[in-house]
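Heads up: the structure comes next, in structure tokens.
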Amino acid sequence: MELNPHYLKIWKTVQAIPEGKVSSYGQIADLAGLPGRSRLVGKCLGYIPENGVDGFPVPWYRVIRSSGEIAFESGSEKYQEQRSCLLQEGVTVKGRRVSMKEFQWQPDLSELLFKLVN
DNA sequence: TTTATGACGAAAT
DNA sequence: CATTTCGCCATAA
């Protein structure tokens, strides 16, 4: 499972989410060229390499459900971590949810273009 | 090879 | 809102 090409593609796509913005599992799947595979995105975020990808960390915490909810169980360790990471970079989290209307990443043309180059 | 599983999603109730 | 139901599909074992 180490060098799964889909995982690599997904991790890199997640790295493109800017600070202060969030994306959904489904959106990442789409942008990574894997439509319909939102569940795969969730799964592989649990296998992020210790040292990051291409020398950069993978901001897994910027990925939430399309509903705006944090996927982890309230109160769990991961839930707390994700929540504080988001708050720390300016994303408002009310209870367990984020306003997608306000914070969802809307990739612009140059960002998409950048992605095409690999 | 087959099967159960999942950090999902959308729609219906 | 909350809960259910069903579709989804590559993995992992």
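As a basis for the values below, the full set of heavy atoms in this structure was taken, side chains included, without hydrogen atoms, waters or symmetry mates. Values in this document were obtained by computation on a predicted structure and should not be read as measured data. Letters A, B, ... mirror the listed sequences (proteins, then strands); counts begin at 1.
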Distance (rounded to the nearest 0.5 Å) between A:Met100 CE and A:Lys21 NZ: 10.5 Å

Dump the pairs, protein N or O against N or O of nucleotides 10-13 of chain B, anything under 3.5 Å, distances to one decimal.
{"residue": "B:dA10", "atom": "OP2", "partner": "A:Ser66", "partner atom": "OG", "Å": "3.1"}

A:Val41, A:Val63, A:Ile48 screened by side chain to side chain contact (heavy atoms under 4.5 Å, CB included) with A:Ile10, the one that passes: A:Val41

Integer-rounded Å distance: B:dG6 P and A:Ile10 CD1: 17 Å

Polar side-chain contact A:Arg39-C:dG7 base: donor and acceptor under 3.5 Å: yes

Of residues 50-64 of chain A, the positions that come close to DNA chain B - non-hydrogen atoms, cut-off under 4.0 Å: A:Trp60

Between C:dC9 (C1') and A:Asp30 (CG): distance, integer Å: 14 Å

5' precedence on DNA chain C between A:Ser38 and A:Lys43 (nearest-nucleotide basis): A:Ser38

Atom pair CG (A:Leu40) and NE2 (A:His6), whose distance is rounded to the nearest 0.5 Å: 7.5 Å

Under 3.5 Å: donor-acceptor pair, side chain of A:Asp54, backbone of A:Phe56: no

Residues which pass side-chain hydrogen bond (donor to acceptor under 3.5 Å, both in side chains) with A:Arg96, listed by chain and number, not counting sequence neighbours: A:Glu69, A:Ser74

Could you list all N or O pairs between the protein and nucleotides 1-3 of chain B that sit under 3.5 Å apart?
none

Closest contact, heavy atoms only, A:Val58 versus A:Gln15: CG2-NE2, 4.0 Å

A:Trp11 (side chain) donor-acceptor with A:Cys44 (main chain) under 3.5 angstrom: yes

Close residues, residues 71-98 of chain A, relative to DNA chain B [heavy-atom separation under 4.0 Å]: A:Ala71, A:Phe72

Nearest-0.5 Å distance that lies between atom CD in A:Glu73 and atom CD in A:Gln80: 11.0 Å

Pair A:Glu89, A:Tyr61: side-chain N/O donor-acceptor within cut-off below 3.5 Å: yes

Backbone of A:Phe72 reached by a side-chain donor or acceptor of A:Gln82 within 3.5 Å: no

Nearest heavy-atom neighbours spanning A:Val98 and A:Leu86: CG2-CD1, 4.4 Å

Please tabulate, one pair per line, all N/O donor-acceptor pairs under 3.5 Å involving side-chain atoms of residues 23-31 of chain A, not counting sequence neighbours.
{"residue": "A:Ser23", "atom": "OG", "partner": "A:Gln27", "partner atom": "OE1", "Å": "2.7"}
{"residue": "A:Ser24", "atom": "OG", "partner": "A:Gln27", "partner atom": "N", "Å": "3.0"}
{"residue": "A:Gln27", "atom": "OE1", "partner": "A:Gln104", "partner atom": "NE2", "Å": "3.1"}
{"residue": "A:Gln27", "atom": "NE2", "partner": "A:Trp105", "partner atom": "O", "Å": "3.0"}

Candidate nucleotides B:dG9, C:dT11, C:dC9, ranked by approach to the side chain of A:Arg37 - the nearest: C:dC9

Approximate separation, where rounding is to 0.5 Å, of A:Ile70 CD1 and A:Lys78 NZ: 12.0 Å

Rounded distance in Å - CG (A:Leu40) to P (C:dC9): 12 Å

A:Glu69 CD to B:dG9 C1', straight-line distance once rounded to whole Å: 12 Å

Nucleotide B:dC8, atom P - distance to NE2 of A:His6 in whole Å: 19 Å

Below 4.0 Å: OP1/OP2 of C:dA12 and any side-chain N or O of A:Tyr7: yes

pair A:Arg62-A:Val14: side-chain heavy atoms closer than 4.5 Å: no

